[in-house]
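To find a chain, count down the sequence lines: A is the first, B the second, and so on, and within it residues start at 1. What you see is a predicted model; the values in this text were computed from it and never measured.
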There are 2 protein chains.
Amino acid sequence: MTREVKKPEIRKNEILATAQRFFFDKGFESTSIQDIIDELGIAKGTFYHYFNSKTDLLDQLINSITDEMYSVLIPIVESDMTAIDKFNTMFREGSAFKMTNPEVFIIMLKVLFTDENTILRSKIYRKMVEKLTPMYAEIIKQGNEEGVFHVSMSPDDIAELLLQVGANLNETICRLMLRKDMTPKLLSHLIQTKIAVYQDTMENILHTPHGSIKFLQQGNTEDMVKIYFQQLTNAHSTDTDRLYQRGY
Amino acid sequence: MTREVKKPEIRKNEILATAQRFFFDKGFESTSIQDIIDELGIAKGTFYHYFNSKTDLLDQLINSITDEMYSVLIPIVESDMTAIDKFNTMFREGSAFKMTNPEVFIIMLKVLFTDENTILRSKIYRKMVEKLTPMYAEIIKQGNEEGVFHVSMSPDDIAELLLQVGANLNETICRLMLRKDMTPKLLSHLIQTKIAVYQDTMENILHTPHGSIKFLQQGNTEDMVKIYFQQLTNAHSTDTDRLYQRGY
DNA sequence: TTTCATAGACCGTCGGTCGGTCTATGGTAT
DNA sequence: ATACCATAGACCGACCGACGGTCTATGAAA
């Protein structure tokens with residue numbers, strides 16, 4: 001084959017980008033190195049020149065994903081909002097189930113929560129918790145100073161705990177959405193309930209007045225679920241489906 | 001090879017038992033079907049006569065493990081203890097980091113928290129949460145009636161949340177123990193702190209007086225860590241090590 | 001001329017399939 | 001009661017394609 005030399009940085013990013021597409025499209029285990037190099041028209045050796053192993057690729061990919069997340073969230077922490085506003089905004093921006101791009105979201109949802117993607121999910125979660133803990137700790141300190149939070153224990157420990165709880169909520173909601181036996185009404189009711197439970201819990205942890213923590217308005221959830229179901233019925237015979245089925 | 005016919009139930013249990021040993025010994029991905037059938041002296045076909053796939057084997061194994069856990073915990077729920085005693089006893093019995101059998105525990109710890117075992121861990125956690133939620137919900141109801149808990153939301157939702165938080169604590173402690181830069185003193189201090197944070201959180205969630213929830217006494221943690229370090233230094237040149245290294 | 005990005009043939013291992021064999025069992029004919 | 005035989009299903013192991021990963025040769029750029 002004709003030989004094409006590119007700047008290492010560009011090549012590497014191409015590989016990372018293609019890998020991300022494939023992983024979110026058909027899953028980590030189901031994506032073979034061969035898939036990636038065929039798509040890019042490069043050879044095995046080229047791939048292994050840039051990455052030591054498939055796992056190495058995954059790790060670097062997750063690093064770049066969480067880095068981007070970090071850069072999205074850091075302006076919030078550094079803004080002049082109140083602690084409560086920062087807290088709520090962070091959770092809204094950080095949650096996976098936000099509806100900025102429904103079609104992409106649905107594919108991701110369906111693929112990400114497969115057994116074979118447990119590693120990917122869990123690595124993202126861990127890295128996220130690691131990178132975001134200091135940010136949340138800052139917000140907690142700010143809230144304590146403002147007198148709206150009353151956290152007596154180490155802000156870092158509490159931040160970590162809150163992030164874990166947030167991740168649990170996120171996962172719980174995603175799994176609800178993947179259940180087959182759902183109507184829009186039932187789904188949005190269940191989600192509402194879960195959110196209420198977790199918001200309440202976080203308020204208890206932060207010792208902040210009831211109603212302070214608000215990830216989503218009731219209306220938002222319903223809109224979100226509505227869009228989700230529309231997208232879901234569309235997905236049967238469109239590009240989305242083709243993308244999703246490619247692996248089987 | 002000579003043909004040996006056994007009762008299906010016995011054969012199947014042999015396979016499950018061997019699989020469990022291998023999975024906890026060298027990991028799920030690192031254990032090949034070949035490993036298992038070689039150990040048992042059976043043929044590939046025999047294995048696939050009983051299990052549809054490697055994943056099927058894992059699922060059935062996890063079912064049997066969580067079933068056993070269930071049968072250990074159900075007497076506690078059905079006993080005549082107070083809600084708080086039940087709650088604390090359940091957590092002590094249910095946590096992975098209990099020290100009944102330190103050498104086995106250390107191997108499990110080291111292997112279980114490998115990347116390649118993420119699936120195994122996460123499946124166990126999910127099945128556990130699923131099976132234990134009703135039990136914890138019962139305890140919460142009892143506590144409400146006794147007037148020691150004041151949970152206003154759905155006991156099932158709260159039970160699920162508490163189990164998730166418990167699992168988070170469990171994992172956090174296990175990861176602390178795996179860190180290389182630890183002295184016994186530092187480790188037991190960090191564990192104490194984490195436990196304090198999570199106990200406090202659970203008390204907040206259950207609205208129960210401070211000090212009600214007590215997974216471990218301070219002394220217990222220190223003993224536990226001491227045993228752990230003894231075992232850890234032993235492990236360098238013994239059977240444990242050989243077992244552990246077998247896969248590499 | 002040196003350096004290193006690139007190519008692609010090659011390797012061992014893995015999960016899984018398949019055609020077929022052996023054996024325990026229970027109904028049936030004697 | 002005993003001998004027979006058909007059936008179910010436990011068991012075998014050669015075989016397969018696909019996978020992750022290695023290695024050496026080679027071409028392009030500096």
Exercise. Let me see the working for B/Lys194 and B/Asn168 under side-chain hydrogen bond (donor to acceptor under 3.5 Å, both in side chains), right down to the final yes or no.
Key: CA-CA 11 Å; B/Lys194 286 291 176 193; B/Asn168 290 149; over 6 Å; no
Consider the side chain of [X], meaning its heavy atoms from C-beta on, and name the nucleotide among [options] that approaches it most closely.
X	options	result
A/Thr46	D/dC11, D/dC19, C/dA7	C/dA7
A/Arg11	C/dT6, C/dG8, D/dG13	C/dT6
B/Ser32	D/dC11, D/dG20, C/dG15	C/dG15

Which whole-number value in Å describes the distance from [X] [atom1] to [N] [atom2]?
X	N	atom1	atom2	answer
A/Tyr50	D/dG21	OH	P	19 Å
B/Phe47	D/dC11	CZ	P	14 Å
B/His49	C/dT17	NE2	P	15 Å
B/Leu40	D/dC11	CG	P	11 Å
A/Gln34	D/dG17	CD	P	16 Å
A/Glu29	C/dC14	CD	P	15 Å
B/Ile33	C/dG16	CD1	P	6 Å
B/Glu14	D/dA10	CD	P	14 Å

Counting C-beta onward and ignoring hydrogens, is there a side-chain heavy-atom pair between [X] and [Y] closer than 4.5 Å?
X	Y	result
B/Met177	B/Ile106	no
A/Met202	A/Phe215	yes
A/Tyr50	A/Asp56	no
B/Phe28	B/Leu61	no

Expected list for residues 52-61 of chain B near DNA chain D, using heavy atoms below 4.0 Å, is none
Notebook entry, point to check: Under the 6.0 Å and 45° cation-pi test, does A/Lys127 pair with A/Tyr70?
Noted result: no
Salt-bridge present (B/Arg175, B/Glu171; N to O < 4.0 Å):
yes
Salt bridge (charged side-chain N to carboxylate O under 4.0 Å, His left out) filter on A/Glu78, not counting sequence neighbours, yields none
Taking atom types as modelled and ignoring hydrogens, do the side chains of A/Tyr198 and B/Gln164 form a donor-acceptor contact shorter than 3.5 angstrom?
-> yes
Atom pairs under 3.5 Å: protein N/O with N/O of nucleotides 23-28 of chain D:
{"residue": "D/dT26", "atom": "O2", "partner": "A/Arg3", "partner atom": "NH2", "Å": "2.9"}

